[in-house]
Amino acid sequence: MTQPAPSSPQAAAAPRRRVRVQHLAEAKAQGRRLTMLTAYDAVTARIFDAAGVDMLLVGDSIGDNVLAHENTIPVTVDEMIPPARAVARTAKHAMVVVDLPFGSYEDSPQHAFATAVRMLKETGAQAVKLEGGRRVAAHVKLLTDSGIPVIGHLGFTPQSENILGGHRVQGRGDEAADVLCDDALALAEAGASAVVLEMVPAPVAARVTEILAIPTIGIGAGPHVDGQVLVWTDMAGMGDWSPRFAKRFGQVGAALAAAASSYVDEVTSGAFPQAEHSFES
């Protein structure tokens, strides 16, 4: 029996598909802005995936946002695998990207390949991200030639903060902008699927976006890029401080603190649990 046509836009909407590398290219071609958030566990992954986020980044930013490190440099491959596995098991639609942490890929393409293979095999993620431009182009080419999607990362690269002199905007001045463009082109030519631009002057990010055939994902790089990424704790207002480039889209930290305080008050006063929270027989 023929079913009647759907009567509403919601009923007619096609089910969401898994975001893959070809969809990143399609978004660039169509002018559709891409969305990315960090996620480090199944709880946030489920919420962000249901919200329609295109890419979930299991970033080495877990170091200073979850593991209480001062920065990302101490994070190890072993520390990255459990959260990446949880996010990949949970996300049904978003592309899951996992960072290769400091020291796990820089010295050779072969080292990068071995770490990336372990990441994909042990976590179920769909892509890896690494920092650097021309110096890692050979690494990117080996990975992509081997069937491993790669997201690049230029501008302020947190794993190199000691040599960069801390959290500083990168790409200022004509010479630095030219270097950034050359690095971005090298990543694209090596097969990268997209490039994150962090703490880059907006005009420079716009220039990189214009010359690349692959998407640019900005964080502190202005509006003239192909997508945006934020660390979720900054996006959701989980702390008293967030970077200048991050907008707080909620006050989740304050709500969580209020809920915890109410819990403490009701337990200590005897108001919780009540009969409806108990089993009598």
Student: Please find the pair of heavy atoms, one from Asp60 and one from Pro101, that lie closest to each other, and give the distance.
Tutor: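 Nearest pair, atom of Asp60 first, then Pro101: OD2-CA, 4.3 Å.
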Student: Under 4.5 Å between side-chain heavy atoms, counting indirect links through other Ile/Leu/Val/Met/Phe/Trp/Tyr residues: same cluster for Leu187 and Leu185 or not?
Tutor: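 Same cluster.
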Student: Do you know the tightest heavy-atom contact between Met36 and Val53?
Tutor: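 So the two residues come closest at CA-CG1, 4.0 Å.
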Student: Answer whether the closest heavy-atom distance between the side chains of Phe249 and Leu230 falls below 4.5 Å.
Tutor: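 Counting from C-beta outward, Phe249 and Leu230 do come under 4.5 Å.
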Student: Quick one: CE on Met238 to CG on Asn65, what's the gap to the nearest 0.5 Å?
Tutor: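 Rounded to the nearest 0.5 Å, the CE-CG separation comes out at 10.0 Å.
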Student: Would you say Val196 ends up clustered with Ile73 if hydrophobic residues are merged whenever their side chains have heavy atoms under 4.5 Å apart, either directly or through other cluster members?
Tutor: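 As far as the 4.5 Å side-chain criterion goes, Val196 and Ile73 are not connected within one cluster.
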Student: Main chain of Ile62, side chain of Glu79: is a donor-acceptor contact present, judged purely on distance under 3.5 Å?
Tutor: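 No; zero donor-acceptor contacts below 3.5 Å.
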Student: Taking side chain to side chain donor-acceptor pair (under 3.5 Å) as the test, write out the residues that go with Thr72, two or more places apart.
Tutor: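 For Thr72, no residue satisfies side chain to side chain donor-acceptor pair (under 3.5 Å) once neighbours in sequence are set aside.
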Student: So how far is it from Met235 CE to Leu37 CG, rounded to the nearest 0.5 Å?
Tutor: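 Those atoms lie 4.5 Å apart.
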Student: Ignoring hydrogens, what is the shortest heavy-atom contact between Leu56 and Ala94? Give both atom names and the distance.
Tutor: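 Nearest heavy atoms, Leu56 then Ala94: CG-CB, 3.8 Å.
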Student: Per the salt bridge (Lys or Arg N to Asp or Glu O under 4.0 Å) rule, what does the pair list look like for residues 239-259, sequence neighbours excluded?
Tutor: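 Residue pairs passing salt bridge (Lys or Arg N to Asp or Glu O under 4.0 Å), neighbours aside: none found.
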Student: To the nearest 0.5 angstrom, please state how far the CZ atom of Phe102 sits from the CG atom of Asn162.
Tutor: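 So the CZ of Phe102 and the CG of Asn162 are separated by 8.0 Å.
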Student: What do you reckon, is NE2 of His224 surrounded by more than 12 foreign heavy atoms closer than 6.0 Å?
Tutor: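 It does not: His224 NE2 has 12 such atoms or fewer within range.
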Student: Taking only residues at least two apart or on different chains, which pairs with a member in residues 134-158 satisfy side chain to side chain donor-acceptor pair (under 3.5 Å)?
Tutor: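 Side chain to side chain donor-acceptor pair (under 3.5 Å) check on residues 134-158 returns Lys129-His153, Arg134-Asp183, Lys141-Asp145, His153-Glu198.
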Student: Just by distance, do the side chain of Arg118 and the backbone of Phe113 share a donor-acceptor pair under 3.5 Å?
Tutor: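 No; judged by distance alone, with no hydrogens or angles, the pair does not exist.
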Student: Closest approach of Ala88 and Val96, non-hydrogen atoms and distance?
Tutor: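 What the structure gives for the nearest pair is CA-CG2, 4.0 Å.
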Student: Let me confirm one number: the CD-CE distance from Gln126 to Met95, rounded to the nearest 0.5 Å.
Tutor: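 If we round to the nearest 0.5 Å, Gln126:CD and Met95:CE are 6.5 Å apart.
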Student: Is any side-chain heavy atom of Ile211 closer than 4.5 Å to one of Cys181?
Tutor: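 In contact.
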Student: Strictly by salt bridge (Lys or Arg N to Asp or Glu O under 4.0 Å), give each pair with a member in residues 23-47 just once, sequence neighbours left out.
Tutor: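 Matches after skipping sequence neighbours: Arg17-Glu26, Lys28-Asp226, Arg32-Asp54.
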Student: Look only at the side chain of Glu280 and the backbone of Ser278, and say whether a donor-acceptor pair between them is shorter than 3.5 Å.
Tutor: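 Such a contact is absent between Glu280 side chain and Ser278 backbone.
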Student: Roughly how far, to the nearest 0.5 Å, is OG of Ser193 from CD1 of Ile148?
Tutor: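 Output value for this atom pair is 11.5 Å.
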Student: Heavy-atom count around Gln22 CD within 6.0 Å, excluding the residue itself: above 12?
Tutor: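 Above 12, so yes.
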Student: Using a 3.5 Å distance criterion without hydrogens, assess whether the side chain of Asp49 forms a donor-acceptor pair with backbone atoms of Ala45.
Tutor: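 Not confirmed, Asp49 side chain does not pair with Ala45 backbone.
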Student: Which of these passes side chain to side chain contact (heavy atoms under 4.5 Å, CB included) with Met55: Ile217, Val229, Thr38, Thr35?
Tutor: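 When side chain to side chain contact (heavy atoms under 4.5 Å, CB included) is applied between Met55 and each of Ile217, Val229, Thr38, Thr35, only Ile217 qualifies.
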Student: Mark yes when over 12 heavy atoms from residues, nucleotides or ligands other than Glu70 sit less than 6.0 Å from its CD; otherwise mark no.
Tutor: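 No, not enclosed.
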Student: Honestly curious: do Val179 and Met199 fall in one hydrophobic cluster under the side-chain, below-4.5 Å linking rule?
Tutor: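 Unlinked, Val179 and Met199 end up in two clusters.
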Student: Val200 and Leu180: which non-hydrogen atoms are nearest, and at how many Å?
Tutor: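 Residues Val200 and Leu180, closest heavy atoms: CG1-CD2, 3.6 Å.
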Student: Run the numbers on Leu100 and Met80 for side-chain contact (heavy atoms from CB on, under 4.5 Å), then give the verdict.
Tutor: CA-CA 8 Å; Leu100 301 189; Met80 292 295 299; over 6 Å; no
Student: Going by the salt bridge (Lys or Arg N to Asp or Glu O under 4.0 Å) test, which pairs reach into residues 155-181, not counting sequence neighbours?
Tutor: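 Of all non-adjacent pairs touching residues 155-181, those that pass salt bridge (Lys or Arg N to Asp or Glu O under 4.0 Å) are Asp178-Arg207.
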Student: Consider only side-chain heavy atoms of I, L, V, M, F, W and Y, link residues closer than 4.5 Å, and tell whether Leu164 and Phe245 are in one cluster.
Tutor: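 Yes, Leu164 and Phe245 fall within the same hydrophobic cluster.
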Student: Could you note down all residue pairs passing side chain to side chain donor-acceptor pair (under 3.5 Å) where residues 100-114 supplies at least one of them, sequence neighbours left out?
Tutor: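 For residues 100-114: Tyr105-Gln159, Asp107-His111.
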Student: Are side-chain heavy atoms of Val58 and Val97 found at a separation under 4.5 Å?
Tutor: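 Sidechains of Val97 and Val58: no contact.
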Student: Hydrophobic clusters here meaning ILVMFWY residues chained together by side-chain heavy-atom distances under 4.5 Å, can you tell me if Tyr263 and Leu256 are in one?
Tutor: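 As far as the 4.5 Å side-chain criterion goes, Leu256 and Tyr263 are not connected within one cluster.
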Student: Is there a side-chain contact between Thr123 and Arg89 in this structure, where contact means two heavy atoms from C-beta onward sitting under 4.5 Å apart?
Tutor: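 No; the side chains remain at least 4.5 Å from each other.
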Student: Stepwise, does the side-chain contact (heavy atoms from CB on, under 4.5 Å) test hold for Ile214 with Leu24?
Tutor: CA-CA 8 Å; Ile214 61 175; Leu24 305 185; over 6 Å; no
Student: Measuring from atom OG of Ser261 to atom CD of Glu266, what distance do you get when rounded to the nearest 0.5 angstrom?
Tutor: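 The distance works out to 11.5 Å.
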Student: Measuring only between side-chain heavy atoms, which start at C-beta, is Tyr40 closer than 4.5 Å to Ser61?
Tutor: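 Side-chain contact under 4.5 Å: yes.
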Student: Provide the closest heavy-atom pair for Ala42 versus Ala86 in the form atom of the first, atom of the second, distance.
Tutor: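 Looking at all heavy atoms of both residues, the shortest contact is N-CB, 4.1 Å.
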